[in-house]
Amino acid sequence: MATVALAFSGGLDTTVCVPLLKEEYGYDEVIGVNVDVGQPTEEFDEAEETAEALGLDIHVVDAKAEFADLCFDAVKSNASYQGYPLGTALARPVIAEAILGVAEEQGCDAIAHGCTGKGNDQLRFEAVWRGSDLEVIAPVRELGLTREWEIDYAAEKDLPVEAGDGGVWSIDENIWSRAVEGGKLENPDYEPPEDIYEWTAEPEGETTIEVTFEGGVPVAVDGEAMDPVPLIQHLNEYAGGYGVGRTDVMEDRMLGLKVRENYEHPAATVLLTAHQALEDLVLTKNERSFKKGIEQEWSEKAYEGLVFAPVVDALNAFVDETQDVVTGTATVKVSGGDCRVVARDSEYAVYSEEMASFNTEDVAGIAQSDATGVAKYHGLQERLANDVKASVSKPELATDGSGKENETDEIDDQS
């Protein structure tokens, strides 16, 4: 008996996939898999109700802890893509791994998703799944289905979906971010209404938040130790109450499409801001400069869903080497939707208040006057280059764009 595991959310796409996998692909049994990375409880309730109505066996995997660990890897790498913290992109490989685990455990022959051929998620899921021996199936993409066709098909088959639309907006939520797109938001000139936001309040009021790090990993907020998942959830609620963590971007997808996305990410904003501030205190200039390139590459690979790639292992090795000293506290002020660092402290600080003070004459036995020689040499090559350029005369070229000297001018010069 041929069996396929389906990434099942209970929405229109995955619901129509259940009968299609049997009718069009010939599978005898479909197993649904839903992975918890911090979605609202009602989403799981709806998925279970839909699965029951379909007669679908559904497995729910709790992967919040694994996802939180990956989010903290992103913090260590100061990861962002085109100005916003990665959320959906980070979750997809974790979800894909969990679904693959169930598929292999249940002895499935194939694994399927309901993604279209236009988005990023198809690539992120399949980057994980195609490393297995299972066949990978994407009915919506392979059959060229449209939303209108799916709605008609669901009505014809009496499938348990409501008009094929989960509401005005398309929303993807996990503990790290809440993404909102679709509807009128597809118009870049449309100003989003306040009701698209759930995690962040209207920006008002202010407070300070102290985050404690050990080895680059957040371990406490305002002196209270917390495990990763509750720490993230606490900051989402607390910082979100001050309007922190909203981003409205024109995002470049992997397939070349440019889309408008609205994100909420209070915890990610606070933790990334605090972590960067602490790194600025404890890392040397060369470490900070070189790490920027590492962070860019890490973020790109994470956006592509390739966090399990060998190159990311190599990037993590460098990042981890820098993080031992990223231990201490950073205090941020959240005010009017803004999050900015106001203090940082670490025993590993590459900083001396005495050396930096304007009231100190010498620095580590080096007198101020010793800098005179350095100042004379600084910029020497640039000054020399400018002098050389100024001393070399250039021939006047014709104004007709030919690139040749004006012949009339040459005759005049000879006379």
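Here, residue 1 is the first one in the sequence, and each next residue gets the next number. All heavy atoms count here, side chains included; hydrogens, waters and symmetry mates do not.
The distance from atom CH2 of Trp298 to atom CG of Asn78, rounded to the nearest 0.5 Å, is 10.5 Å. Note that CG of Leu278 is 9.5 Å distant from OG1 of Thr212, once rounded to the nearest 0.5 Å. Atom OG in Ser391 sits 11.0 Å away from atom CG in Asn386 (nearest 0.5 Å). With rounding to the nearest 0.5 angstrom, the NZ atom of Lys76 is 5.0 Å from the CG atom of Asp73. Between the CZ atom in Phe67 and the CG atom in Asp36 there is a gap of 11.0 Å [rounded to 0.5 Å]. With rounding to the nearest 0.5 Å, the separation of CG in Asn34 from CD1 in Ile58 is 5.0 Å.
The aromatic rings of Tyr238 and Tyr242 sit perpendicular, their planes meeting at an angle over 60°, well past the 30° parallel limit.
Panel note: side chain Trp199, backbone Glu237; no donor-acceptor pair is recorded below 3.5 Å. Proximity of a side-chain donor or acceptor of Gln39 to a complementary backbone N or O of Val37 within less than 3.5 Å is detected. Glu142 places a side-chain N or O within 3.5 Å of a backbone atom of Ala138 that can act as its donor or acceptor partner. Judged purely by atom type and a 3.5 angstrom limit, Ser346 uses its side chain to pair as donor or acceptor with the backbone of Thr327. In this structure, Ser132 contributes its side chain and Trp129 its backbone to a donor-acceptor pair below 3.5 Å. Counting only distance, with no hydrogens or angles, the side chain of Asn120 and the backbone of Met254 share a donor-acceptor pair below 3.5 Å. Side chain of Ser177 to backbone of Asn174: no donor-acceptor contact under 3.5 angstrom is found. Of the possible donor and acceptor atoms, none in the side chain of Ser77 sits under 3.5 Å from a partner among the backbone N and O of Ala74. The closest donor-acceptor contact from the side chain of Asp227 to the backbone of Val229 lies at 3.5 Å or more, if one exists at all. A donor-acceptor pair under 3.5 Å is formed between the side chain of Arg260 and the backbone N or O of Tyr190.
Ion pairing of Arg130 with Glu135 is absent here, as no side-chain N (NZ or NE/NH1/NH2) approaches a carboxylate O to less than 4.0 Å. In summary, Glu279 and Lys291 engage in a salt bridge, as defined by a charged side-chain N under 4.0 Å from a carboxylate O. Comment: Arg178 engages Glu198 in a salt bridge, judged by a side-chain N to carboxylate O separation of less than 4.0 angstrom. Salt-bridge annotation for Asp172 and Arg92: present, with a side-chain N of the basic residue lying under 4.0 Å from a carboxylate O of the acidic one. The residues Lys333 and Asp338 are annotated as not salt-bridged, no charged nitrogen and carboxylate oxygen being separated by less than 4.0 angstrom. We find that Glu194 and Arg246 are joined by a salt bridge, their nearest charged nitrogen and carboxylate oxygen being less than 4.0 Å apart. Using a 4.0 Å cut-off between charged nitrogen and carboxylate oxygen, Lys22 and Asp28 do not count as a salt-bridge pair. At a threshold of 4.0 Å, the pair Arg147-Glu150 does not count as salt-bridged, since none of the basic side-chain nitrogens sits closer than that to a carboxylate oxygen.
The minimum heavy-atom distance between Leu100 and Leu134, with the atom names listed, is CD1-CD1, 3.9 Å. The shortest non-hydrogen separation linking Gly32 to Leu56 is N-CD1, 3.8 Å. Summarising the geometry of Met226 relative to Pro230, their closest heavy-atom pair is SD-O, 4.2 Å, with the distance given to 0.1 Å. Closest approach of Ala330 to Ala274, counting heavy atoms only: CB-O, 3.4 Å. The two residues Val35 and Ala63 have their closest heavy-atom pair at CG1-CB, 3.7 Å. Scanning all heavy atoms of the two residues, the minimum distance from Leu235 to Ala267 falls at CB-CB, 3.6 Å.
A heavy-atom distance below 4.5 Å is found between the side chains of Glu148 and Thr146. Taking 4.5 Å as the limit, some side-chain heavy atom of Leu159 sits within range of a side-chain heavy atom of Leu54. Between Thr331 and Ile209, the closest side-chain pair of non-hydrogen atoms is not below 4.5 Å. The closest side-chain heavy-atom distance from Val219 to Val211 is not below 4.5 Å. A 4.5 Å side-chain heavy-atom check between Leu380 and Tyr377 finds at least one atom pair inside the cut-off. The closest side-chain heavy-atom distance from Ile99 to Leu6 is not below 4.5 Å. Counting heavy atoms from C-beta outward, Cys115 and Val140 have side chains that stay 4.5 Å or more apart. Taking the side chain as every heavy atom from C-beta outward, Cys71 and Asp69 never approach each other to under 4.5 Å.
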Please evaluate residues Leu231 and Phe72 with respect to the criterion side chain to side chain contact (heavy atoms under 4.5 Å, CB included), reporting the C-alpha separation (whole Å), side-chain torsions for both, the decisive distance (0.1 Å), and the verdict. CA-CA 11 Å; Leu231 188 150; Phe72 282 0; 4.3 Å; yes

Intermediate values then yes/no, side chain to side chain contact (heavy atoms under 4.5 Å, CB included), Ile31 and Val4: CA-CA 6 Å; Ile31 295 175; Val4 57; over 6 Å; no

Test Glu251 against Tyr303 for side chain to side chain donor-acceptor pair (under 3.5 Å), laying out the working first. CA-CA 11 Å; Glu251 180 178 320; Tyr303 183 76; 2.5 Å; yes

Decide yes or no on side chain to side chain contact (heavy atoms under 4.5 Å, CB included) for Val332 and Val342, but give the supporting numbers first. CA-CA 5 Å; Val332 299; Val342 292; 5.9 Å; no

If you apply the rule salt bridge (Lys or Arg N to Asp or Glu O under 4.0 Å), what do you find for Glu181 with Arg253, and how did you get there? CA-CA 14 Å; Glu181 64 177 354; Arg253 285 183 175 171; 3.1 Å; yes

Pair Val326, Leu281 - check side chain to side chain contact (heavy atoms under 4.5 Å, CB included), show working. CA-CA 9 Å; Val326 188; Leu281 178 66; over 6 Å; no

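Around CD of Glu104, the count of heavy atoms belonging to other residues, nucleotides or ligands within 6.0 Å exceeds 12. Within 6.0 Å of CD on Glu52 lie no more than 12 heavy atoms contributed by other residues, nucleotides or ligands.
One side chain, His113 or Glu126, offers a donor N or O that lies under 3.5 Å from an acceptor on the other. A side-chain N or O of Gln82 and one of Asp252 form a donor-acceptor pair less than 3.5 Å apart. Side-chain atoms of Thr200 and Glu264 include a donor-acceptor pair closer than 3.5 Å. Between the side chains of Gln276 and Asp280, at least one donor-acceptor pair of N or O atoms lies under 3.5 Å. For the residue pair Ser299/Gln296, the side-chain donor-acceptor check at 3.5 Å is not satisfied.
You'll find the ring centres of Phe213 and His275 inside the 6.0 Å limit.
The only option from Tyr84, Trp176, Tyr81 that meets the ring-ring contact (aromatic ring centres under 6.0 Å, His included) definition with Tyr263 turns out to be Tyr84.
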